[in-house]
Student: 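Encoded as structure tokens, here's the structure I'll be asking about.
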Amino acid sequence: IEEGEKQRGDFGDKLKEAKATEQVNSFGIMAGSVLVVQIREARDLVGKPSSYVEIDFEEQHQATQVRPTTNIPLWNEKFSFDVVKGKEILVVNLCSNEFGGRNIIGTCEYALQSLRPPDYTFDDWAPLRNRNSKIVGQIK
């Protein structure tokens with residue numbers, strides 16, 4: 001019994017220390033957080049472009065591998081981003097490198113504030129919109 005009480009006391013001390021050192025910004029994001037983004041797949045694309053995904057967050061830029069000539073590309077790639085402010089928008093661009101350069105096929109955006117407890121995830125199909133706001137496919 002004494003050992004159990006000692007362990008509970010040690011746990012309580014550790015919990016108090018963790019709460020004292022935890023820093024949360026005005027957007028409810030804990031300092032030192034990491035955002036993990038998994039790009040799984042796209043569907044309903046017009047044509048069969050050779051496509052890849054660019055992900056931009058808080059001046060950090062990453063991209064998937066190119067998937068050649070398909071309207072249902074599959075990536076299943078994970079990316080990590082350091083969260084500094086937590087107020088910026090995560091921008092996901094589906095791109096093609098056909099016709100001699102980078103062409104944005106469609107874009108979708110996510111605000112971190114829209115992610116809710118308990119797991120802070122978004123795991124649904126999101127519409128990809130072109131410059132004219134027309135839906136040109138979906139991404140997950």
Student: Suppose we screen for salt bridge (charged side-chain N to carboxylate O under 4.0 Å, His left out). Which residues come up paired with E109, at least two apart in sequence or across chains?
Tutor: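 If we apply the salt bridge (charged side-chain N to carboxylate O under 4.0 Å, His left out) test to E109, skipping adjacent residues, there are no hits.
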
Student: Would V34 and D82 count as a side chain to side chain contact (heavy atoms under 4.5 Å, CB included) if you check the C-alpha gap in whole Å, the side-chain angles of each, and the deciding distance to 0.1 Å?
Tutor: CA-CA 5 Å; V34 174; D82 294 324; 4.2 Å; yes

Student: Would you say that more than 12 heavy atoms from the other residues, nucleotides or ligands in this model lie under 6.0 Å from the NZ of K140, or not?
Tutor: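 Correct, the count exceeds 12.
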
Student: Got a sec, which pairs hit salt bridge (Lys or Arg N to Asp or Glu O under 4.0 Å) with one end in residues 67-77, sequence neighbours left out?
Tutor: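 The answer is R67-E77.
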
Student: Please list every donor-acceptor pair under 3.5 Å in which a side-chain atom of residues 51-59 meets a protein atom from a residue at least two apart or in another chain.
Tutor:
| from | atom 1 | to | atom 2 | distance (Å) |
| --- | --- | --- | --- | --- |
| E54 | OE1 | R102 | NE | 3.0 |
| E54 | OE1 | R102 | NH2 | 2.8 |
| E54 | OE2 | R102 | NE | 2.9 |
| D56 | OD1 | H61 | ND1 | 2.4 |
| E58 | OE1 | V84 | N | 2.6 |
| E58 | OE1 | K85 | N | 3.4 |
| E58 | OE2 | K85 | N | 3.0 |
| E58 | OE2 | G86 | N | 2.6 |

Student: Has the side chain of N93 got a donor or acceptor atom that lies under 3.5 Å from a matching backbone atom of C95?
Tutor: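 Between the backbone of C95 and the side chain of N93 there is no qualifying donor-acceptor contact (under 3.5 Å).
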
Student: Can you confirm whether L45 sits close enough to P73 that some side-chain heavy atom of one is under 4.5 Å from a side-chain heavy atom of the other?
Tutor: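 The answer is yes; the side chains approach within 4.5 Å.
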
Student: For I72, does the CD1 atom sit with more than 12 other heavy atoms under 6.0 Å from it, leaving out its own atoms?
Tutor: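 Counting neighbours around CD1 of I72, 12 or fewer heavy atoms of other residues, nucleotides or ligands fall under 6.0 Å, so no.
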
Student: Within a strict 4.5 Å, meaning less than it, do heavy atoms of the D123 and R40 side chains meet?
Tutor: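 A side-chain contact under 4.5 Å exists here.
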
Student: Shared ILVMFWY cluster between I139 and V37, side chains joined below 4.5 angstrom?
Tutor: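 I139 clusters together with V37.
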
Student: What's the shortest heavy-atom distance between Q65 and W75, and which atoms?
Tutor: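 In this case the closest contact between Q65 and W75 is O-NE1, 2.9 Å.
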
Student: If you look at every heavy atom in G106 and V136, which pair is closest and at what distance?
Tutor: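 Nearest pair, atom of G106 first, then V136: CA-CG2, 3.9 Å.
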
Student: Could you measure the distance from the CG atom of N76 to the OG1 atom of T64? Nearest 0.5 Å is fine.
Tutor: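 Rounded to the nearest 0.5 Å, the CG-OG1 separation comes out at 11.0 Å.
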
Student: Do I39 and Y110 share a hydrophobic cluster (ILVMFWY, side-chain heavy atoms under 4.5 Å, transitive)?
Tutor: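 As far as the 4.5 Å side-chain criterion goes, Y110 and I39 are connected within one cluster.
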
Student: Just jot down the side chain to side chain donor-acceptor pair (under 3.5 Å) partners of D44, sequence neighbours excluded, or say none.
Tutor: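 So D44 forms a side chain to side chain donor-acceptor pair (under 3.5 Å) with Q138.
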
Student: Can you measure from CG (L74) to CZ (R43) and round to the nearest 0.5 angstrom?
Tutor: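 These two atoms lie 13.0 Å from each other.
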
Student: Would a single hydrophobic cluster contain both F122 and L35, if residues Ile, Leu, Val, Met, Phe, Trp and Tyr are joined by side-chain heavy-atom contacts under 4.5 Å?
Tutor: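 L35 clusters together with F122.
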
Student: Can you measure from OG1 (T107) to CG (L128) and round to the nearest 0.5 angstrom?
Tutor: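 Reported to 0.5 Å precision, the distance equals 7.5 Å.
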
Student: Who passes salt bridge (charged side-chain N to carboxylate O under 4.0 Å, His left out) against D124, sequence neighbours left out?
Tutor: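 None.
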
Student: Shared ILVMFWY cluster between F79 and V83, side chains joined below 4.5 angstrom?
Tutor: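 Result: yes, single cluster for both.
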
Student: On a heavy-atom basis, which atom in S50 and which in P68 lie closest, and how many Å separate them?
Tutor: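 Minimum heavy-atom contact is OG-CA, 3.4 Å.
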
Student: In the hydrophobic clustering that connects Ile, Leu, Val, Met, Phe, Trp and Tyr at side-chain heavy-atom distances below 4.5 Å, which members other than I135 occupy its cluster, ordered by chain and number?
Tutor: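 Traced through the cluster, I135 reaches no other member.
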
Student: Of the non-hydrogen atoms in G47 and N71, which two are nearest, and what is the gap between them?
Tutor: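 Scanning both residues, the minimum pair turns out to be O-CB, 3.0 Å.
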
